[in-house]
Amino acid sequence: MSDGRGVELYLVTDTALCGGPDGVVETAEAAARGGVDMIQIRDHDASTRELCSLTTRVIDAVAALGARRAVAQTPTPRAAGGRSAGLHDEECPAPRVERDSPTGAGQQMAAAATPISSSTTARRVRVVVDDRLDVALAVGADGVHLGQSDLDPVVARRLADRVVGEGFHLGWSVSNLEQVAAATRLPRGTVDLLGIGPFRETPTKPDAAQPLGLDGVGAITDAARAGGFANVVIGGVKLPDLRALVAAGAHGVAVVSAICGQPDPLAATQALRSELDEALAEVRPVDGGRGALELERPDHAGPA
């Protein structure tokens with residue numbers, strides 16, 4: 001498992017809003033420079049090969065930025081080439097650049113990149129894949145985010161542990177109290193982060209559950225915290241919503257259109273980061289409180 005508590009600003013990509021795969025890569029790079037903690041590659045219309053290619057390109061772009069930060073990183077165990085063994089090269093090509101020590105094309109991208117905001121210099125931006133555990137493992141992504149109708153998270157964790165070992169991130173979407181209760185019954189360490197939503201109706205996911213609104217978000221974040229889970233709130237989240245969502249119990253937010261398709265994704269990300277940092281600081285008193293991130297699963301949680 002990985003620590004989901006450090007995920008505060010989370011970008012979920014939308015290929016159409018970004019203007020195509022090239023736009024996704026450019027937007028992801030800008031968001032990484034601007035201060036996101038995690039980037040989820042989501043494209044339900046892409047073929048397996050297309051999704052592998054797109055995820056690999058984003059991994060490479062983020063790795064190149066990591067080289068410019070010169071932040072010491074502990075590599076997550078991977079098979080040779082940064083992906084799991086036993087998959088055909090034609091189906092999911094190996095990443096062109098290793099994330100933890102970019103070379104070649106990664107160095108060229110790093111040299112061309114503009115200076116990175118000082119607020120992001122200590123961050124290790126992780127790249128995860130929506131729904132597709134097979135793609136995440138094949139290209140050496142940092143994790144996967146699963147919905148309620150996707151692969152059972154217990155099975156996903158078991159497979160990831162066998163292929164990757166420690167450090168693979170697994171997020172799970174929840175939209176009601178019953179689903180949070182189900183998460184608390186999972187074996188300890190199965191899920192790292194709960195994605196709570198939708199906050200409001202959003203065109204980027206027309207098949208989402210009914211909007212929760214601020215009261216609904218508050219009830220579910222309370223239950224998630226009681227269960228020992230870090231959380232992000234998603235679903236039409238915009239800059240003016242951040243303080244209210246954090247006050248309602250959100251550890252962080254996941255955004256799509258607030259970054260994707262914006263005229264200046266870097267500036268949009270920086271504005272979100274600044275506002276979110278201020279909001280989180282307000283709910284982190286020295287003696288703890290609703291915004292504190294010290295989370296422990298209760299004793300009644302599932303077996304280790």
Can you tell me how far CG of Leu17 sits from CD1 of Ile259, rounded to the nearest 0.5 angstrom?
-> 12.0 Å
Side chain to side chain donor-acceptor pair (under 3.5 Å) involving Asp22 - partner list, sequence neighbours excluded | Arg57
Residues in side chain to side chain donor-acceptor pair (under 3.5 Å) with Glu26, at least two apart?
-> none
Arg132/Asp43 salt bridge by N-O under 4.0 Å criterion = no
Exam field: side chain Asp192 to backbone Leu170, donor-acceptor pair closer than 3.5 Å | yes
Residue set satisfying salt bridge (Lys or Arg N to Asp or Glu O under 4.0 Å) with Glu201, at least two apart, ordered chain then number -> none
Which distance, rounded to the nearest 0.5 Å, do you find between the CG of Leu133 and the CG of Leu146?
-> 7.0 Å
Rounding to 0.5 Å, atoms CG (Asp152) and CZ (Arg157) come to a distance of 12.5 Å
Which heavy atom of Phe168 sits nearest a heavy atom of Ala136, and at what distance?
-> CZ-CB, 4.1 Å
Can you tell me if His145 uses its side chain to pair, donor with acceptor, with the backbone of Asp130 under 3.5 Å?
-> no
Backbone N or O of Asp142 within a donor-acceptor pair of the Arg126 side chain at under 3.5 Å?
-> no
Distance from Arg42 atom CZ to Asp131 atom CG, nearest 0.5 Å?
-> 8.5 Å
Side-chain contact test, heavy atoms from C-beta onward, threshold under 4.5 Å: evaluate it for Gln210 versus Ser175 and give yes or no.
-> no
Could you grab the distance from atom CD of Glu275 to atom CG of Leu9, nearest 0.5 Å is fine?
-> 12.0 Å
For residues Ala248 and Leu214, report the shortest heavy-atom separation together with the two atoms involved.
-> CB-CD1, 4.1 Å
Main-chain N/O of Leu51 paired with Thr55 side-chain donor or acceptor, under 3.5 Å = yes
Report yes if the side chains of Val174 and Gln148 come closer than 4.5 Å at any heavy-atom pair, otherwise no.
-> yes
Quick one: does Thr27's side chain get under 4.5 Å of Thr13's, heavy atoms only?
-> no
Do the side chains of Val237 and Tyr10 get nearer than 4.5 Å, heavy atoms only?
-> no
Kindly indicate whether the side chain of Leu212, heavy atoms from C-beta on, has any atom under 4.5 Å from the side chain of Phe199.
-> no
Please name all residues satisfying side chain to side chain donor-acceptor pair (under 3.5 Å) with Asn176, sequence neighbours left out, ordered by chain then number.
-> none
Quick one: does Thr269's side chain have a donor or acceptor within less than 3.5 Å of a partner on Pro265's backbone?
-> yes
With a 4.5 Å limit on heavy-atom distance, are the side chains of Val58 and Val25 in contact?
-> yes
Minimal heavy-atom distance between Thr15 and Pro21, with the atoms involved, is CG2-N, 3.8 Å
Are Val232 and Val7 close enough that some pair of their side-chain heavy atoms sits under 4.5 Å apart?
-> yes
Grab the two heavy atoms, one from Ala250 and one from Val233, that are nearest each other, plus how far apart they are.
-> CB-CG2, 3.6 Å
Worked verdict on Leu11 versus Cys260 for side-chain contact (heavy atoms from CB on, under 4.5 Å) = CA-CA 8 Å; Leu11 170 65; Cys260 292; 3.8 Å; yes
Working for side-chain contact (heavy atoms from CB on, under 4.5 Å), residues Asp150 and Trp172 | CA-CA 9 Å; Asp150 295 326; Trp172 202 30; over 6 Å; no
Mind checking what makes salt bridge (Lys or Arg N to Asp or Glu O under 4.0 Å) contact with Asp241, not counting sequence neighbours?
-> Arg200
Test applied, side-chain contact (heavy atoms from CB on, under 4.5 Å); reference residue, Ile41; option that passes from Thr56, Val127, Val12 | Val127
What distance separates Thr221 OG1 from Phe229 CZ, expressed to the nearest 0.5 Å?
-> 14.0 Å
Can you check whether Glu8's main-chain N or O pairs, donor with acceptor, with Asp37's side chain at less than 3.5 Å?
-> yes
Hey, are the side chains of Gln179 and Ile220 touching, using non-hydrogen atoms and a 4.5 Å cut-off?
-> no
Could you list the residues that satisfy side chain to side chain donor-acceptor pair (under 3.5 Å) with Arg158, not counting sequence neighbours?
-> none
Show your working on side-chain contact (heavy atoms from CB on, under 4.5 Å) between Glu278 and Arg243 and close with a plain yes or no.
-> CA-CA 8 Å; Glu278 291 182 9; Arg243 290 180 184 271; 2.6 Å; yes
